[in-house]
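The chains referred to below are lettered A, B, ... by the order of the sequence lines, with proteins before strands, and numbering in each begins at 1.
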2 protein chains.
Amino acid sequence: MTIKDIARLSGCGVATVSRVLNNHPDVSEKTRCKVMAVVEEHGFQPNNNAKHLKQQVGTGIAILVKGSQNMLFADLVERIQVLLRDNDRDATVYYLDEDANEVTNAIQLCRERKPVGILFLGGNLEYFRASFRHVKVPCVLLTNSARELDFENLSSLTTNDEAAAFQAIDYLAGRGHRKIGVLGGNWSSSQISYRRLQGCQRAFEQWGLSFDLERQTEPSRYSMADAYEAAKRLLERCPELTAIFAMSDVMAIGVIRALRDLGKRVPEDISVMGYDGISIARYSVPRLTTICQDTRQLAEQGVKVLLDSIEGEGRPVHKVVPFRMLDGESVAQCVNKVERGRSK
Amino acid sequence: MTIKDIARLSGCGVATVSRVLNNHPDVSEKTRCKVMAVVEEHGFQPNNNAKHLKQQVGTGIAILVKGSQNMLFADLVERIQVLLRDNDRDATVYYLDEDANEVTNAIQLCRERKPVGILFLGGNLEYFRASFRHVKVPCVLLTNSARELDFENLSSLTTNDEAAAFQAIDYLAGRGHRKIGVLGGNWSSSQISYRRLQGCQRAFEQWGLSFDLERQTEPSRYSMADAYEAAKRLLERCPELTAIFAMSDVMAIGVIRALRDLGKRVPEDISVMGYDGISIARYSVPRLTTICQDTRQLAEQGVKVLLDSIEGEGRPVHKVVPFRMLDGESVAQCVNKVERGRSK
DNA sequence: CGGGCAGCTGGAATCGTTTCCAGTCAATTG
DNA sequence: CAATTGACTGGAAACGATTCCAGCTGCCCG
């Protein structure tokens with residue numbers, strides 16, 4: 001069933017049918033009805049390949065997601081999909097392994113599909129530097145800043161990771177914690193983790209707390225399983241900790257489980273601070289005290305920026321969306337006076 | 001940059017270039033190299049619209065997901081995407097609201113996109129009866145059986161919900177629980193919930209336990225927030241319960257949170273049984289005792305069945321994949337002798 | 001009455017591929 | 001040496017839409 005058949009059946013030319021289908025103004029009401037009747041009757045749908053071939057555009061948008069365990073991203077992806085659909089766009093999601101090597105692969109796929117725009121969740125700047133040179137379509141990086149790259153087609157939206165991490169540590173220190181462990185991604189390969197770490201360090205300095213990077217931190221993937229193991233390693237090496245800052249809520253869940261398996265209570269024996277503010281934070285036991293990223297804004301603005309870029313609206317933008325602290329039950333006032341007295 | 005340019009630059013015909021690009025055998029090694037060199041140099045990618053237009057096929061697969069809160073589906077979607085990618089297919093995910101009205105909308109989109117196959121997670125048979133009449137491409141329904149529909153193009157893969165729910169209740173009853181609440185979807189609109197409910201009822205009968213459908217059950221969406229509220233309503237109405245069976249782990253998390261907020265300990269005061277076996281089950285506090293669906297098999301077999309159908313391999317199939325009980329800490333032996341003594 | 005114009009229509013060119021088919025060239029064979 | 005083969009090759013016709021452009025009305029006005 002093609003446009004030609006419709007033309008034949010409705011007794012007019014293909015051009016007219018096309019005009020009806022695309023709501024062009026200069027076609028008489030009578031003809032429009034006649035054509036629509038035939039179209040309805042046969043449930044005709046124009047062939048998108050032919051359409052896009054002629055129009056020289058795709059409509060599809062690619063969503064690249066790095067680290068599928070990340071529930072924040074799952075939330076974002078869903079919001080984004082809905083928003084795009086409201087704008088008559090549809091999106092293909094590509095999940096990338098947290099390990100880097102699959103990325104070029106995904107970009108390859110992405111280029112084959114010729115999306116008209118790309119949303120990248122959690123990507124590293126290195127990927128862009130290395131592989132996005134030849135990507136010409138507009139691109140929005142979410143939860144990471146690409147300000148320093150200033151590519152012609154690359155915008156970015158992020159939480160102020162440094163400030164958020166600062167506040168997390170500040171919050172813990174303000175409750176008396178002096179020995180705080182930090183669990184996050186690989187500092188050297190992930191800007192996001194690195195910036196959060198910097199925020200931590202600034203807070204430690206400001207409070208005059210010593211911070212031994214080697215001892216008090218432990219790299220981990222952003223998954224419960226990895227964080228579980230990492231927390232055990234960390235606590236074995238550094239048993240004097242009274243609080244742990246996990247750089248994602250999913251990790252925090254793993255950490256809490258690990259602590260309980262070690263016979264420690266949260267928050268009575270040790271406090272845990274999360275990051276992200278995923279929905280489970282409000283339902284877990286104990287409820288997570290966490291840094292809450294604004295997924296609604298990230299999604300809405302991300303989509304808006306991308307669509308604007310696709311429409312050809314000027315220069316890339318690099319925005320920072322606000323975060324807020326979400327109080328839970330996983331952080332307690334530090335009362336281990338005995339411990340602190342004994343140490344040193 | 002088109003295939004014609006490549007032809008001109010490499011000094012041969014378009015047909016030859018096309019053959020090189022598609023790895024056809026009858027092209028000399030020399031020509032192949034020459035063409036590939038030009039292709040590499042310019043980073044040429046053939047236009048998929050033209051390709052698919054000519055080949056009369058899309059390669060895309062649509063994944064329809066009903067109820068985005070469902071983490072089991074999130075897990076499945078990711079596995080499926082990876083599997084499809086390994087088979088050189090790419091997929092577009094459409095999230096549907098748990099409310100029905102959006103479905104036709106999605107089907108509309110689906111038809112515009114002309115996917116070559118559809119994977120439907122958690123769909124109701126009514127959707128198919130109503131809206132899938134005209135969908136001609138192969139379709140696989142996951143986590144629900146479509147055996148009774150016997151559409152030409154509709155396969156299905158599911159866990160034996162009835163047996164699984166039976167085992168859940170049987171497990172609880174076997175640990176001394178006599179008053180068990182059930183939290184699930186809307187029995188009348190969701191076959192999945194209904195079959196699980198039937199399994200429950202069979203178990204109650206077999207143990208000779210009374211079961212008041214109105215009092216002891218509470219419908220809820222498959223989300224933490226809804227289950228939280230539903231559990232509170234249920235317990236207010238029916239305070240003598242010693243165990244609650246939640247028809248998804250996500251719901252179980254909400255239930256546990258609600259119970260704690262009511263001052264009840266899990267599992268000491270009241271036991272909670274989940275369903276799905278999502279990864280968080282092993283990390284939550286307490287660890288969930290739950291029915292574990294085999295997501296690996298669901299994904300692998302689902303993809304296999306769909307791809308086979310696309311290749312045109314005969315009749316639709318309706319398979320049942322095994323489940324298993326995952327022991328956690330959210331169910332305890334019922335020792336409320338006082339309670340039981342007092343009642344009646 | 002004829003020229004001009006507006007409103008509508010349909011033929012045909014176009015988009016970038018794939019693939020059929022006819023053609024070239026060199027090697028092999030009777 | 002001519003004929004037959006086989007391995008390659010390139011021109012051109014699809015695929016199904018959009019859109020330019022030319023044509024056909026009917027109408028108004030001078």
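- Taking atom CZ on Arg19(A) and atom C1' on dA17(D), their separation rounds to 13 Å, with Å as the unit.
- Here dT9(C) presents its P atom at 9 Å from CG of Asp26(A), a figure rounded to the nearest Å.
- Going from atom CG of Asn23(A) over to atom C1' of dT19(D) covers 16 Å, rounded to whole Å.
- Look at CD on Gln45(B): it is 10 Å from P on dT17(C), rounded to the nearest Å.
- In this structure, Asn49(A) atom CG and dT17(C) atom C1' are separated by 11 Å, rounded to whole Å.
- Within the structure, a side-chain polar atom (N or O) of Ser28(B) is placed less than 4.0 Å from OP1 or OP2 of dT9(D).
- Toward the 5′ end of DNA chain D lies the nearest nucleotide of Lys54(B), the other residue of the pair Lys54(B) and Ala15(A) mapping further downstream.
- Within the 4.0 Å cut-off from OP1 or OP2 of dT18(D), at least one side-chain nitrogen or oxygen of Asn22(A) is found.
- Between Asn48(B) and dT17(C) there is no side-chain polar atom (N or O) within less than 4.0 angstrom of OP1 or OP2.
- You'll find that the side chain of Asn47(A) is closest to dA17(D), out of dA17(D), dG16(C), dT19(C).
- Distance, Arg8(B) CZ to dG11(D) C1': 17 Å, rounded to whole Å.
- At least one side-chain heavy atom of Ile80(B) sits less than 4.5 Å from a side-chain heavy atom of Leu121(B).
- Among dT18(C), dG11(D), dG16(D), the nucleotide with an atom closest to any side-chain atom of Ser18(B) is dT18(C).
- Nearest-nucleotide mapping onto DNA chain C: of Val14(B) and Val14(A), the residue sitting toward the 5' end is Val14(A).
- No side-chain heavy atom of Asp75(A) sits under 4.5 Å from any side-chain heavy atom of Met71(A).
- A sub-4.0 Å separation between OP1 or OP2 of dT18(C) and a side-chain N or O of Gln56(B) is absent.
- With rounding to whole Å, His24(B) atom NE2 is found 14 Å from dT9(D) atom C1'.
- Using a 4.5 Å heavy-atom threshold, the side chains of Val303(A) and Leu84(A) count as touching.
- In this model, the phosphate group of dC8(C) is not approached by any side-chain N or O of Thr31(A) to a distance below 4.0 Å at OP1 or OP2.
- Look at NE2 on His52(A): it is 16 Å from P on dT17(C), rounded to the nearest Å.
- Proximity of a side-chain donor or acceptor of Ser190(A) to a complementary backbone N or O of Asn186(A) within less than 3.5 Å is not detected.
- For the pair His42(B)/Val38(B), a side-chain contact is recorded, criterion being any heavy-atom separation below 4.5 Å from C-beta on.
- Contact check, Thr2(A) against dG16(D): no side-chain N or O comes under 4.0 Å of OP1 or OP2.
- The nearest heavy atom of DNA chain D to Val27(B) and to Ala50(B) marks one nucleotide each, and the one closer to the 5' end goes with Val27(B).
- When the side-chain nitrogen and oxygen atoms of Thr16(A) are compared with OP1 and OP2 of dG10(C), one or more of them lie within a distance under 4.0 Å.
- Checked against dG16(D), dG11(D), dT18(C), the side chain of Gln55(B) finds its nearest nucleotide in dT18(C).
- One distance of note links OG1 of Thr295(A) with CD of Glu300(A); it measures 9.5 Å at 0.5 Å rounding.
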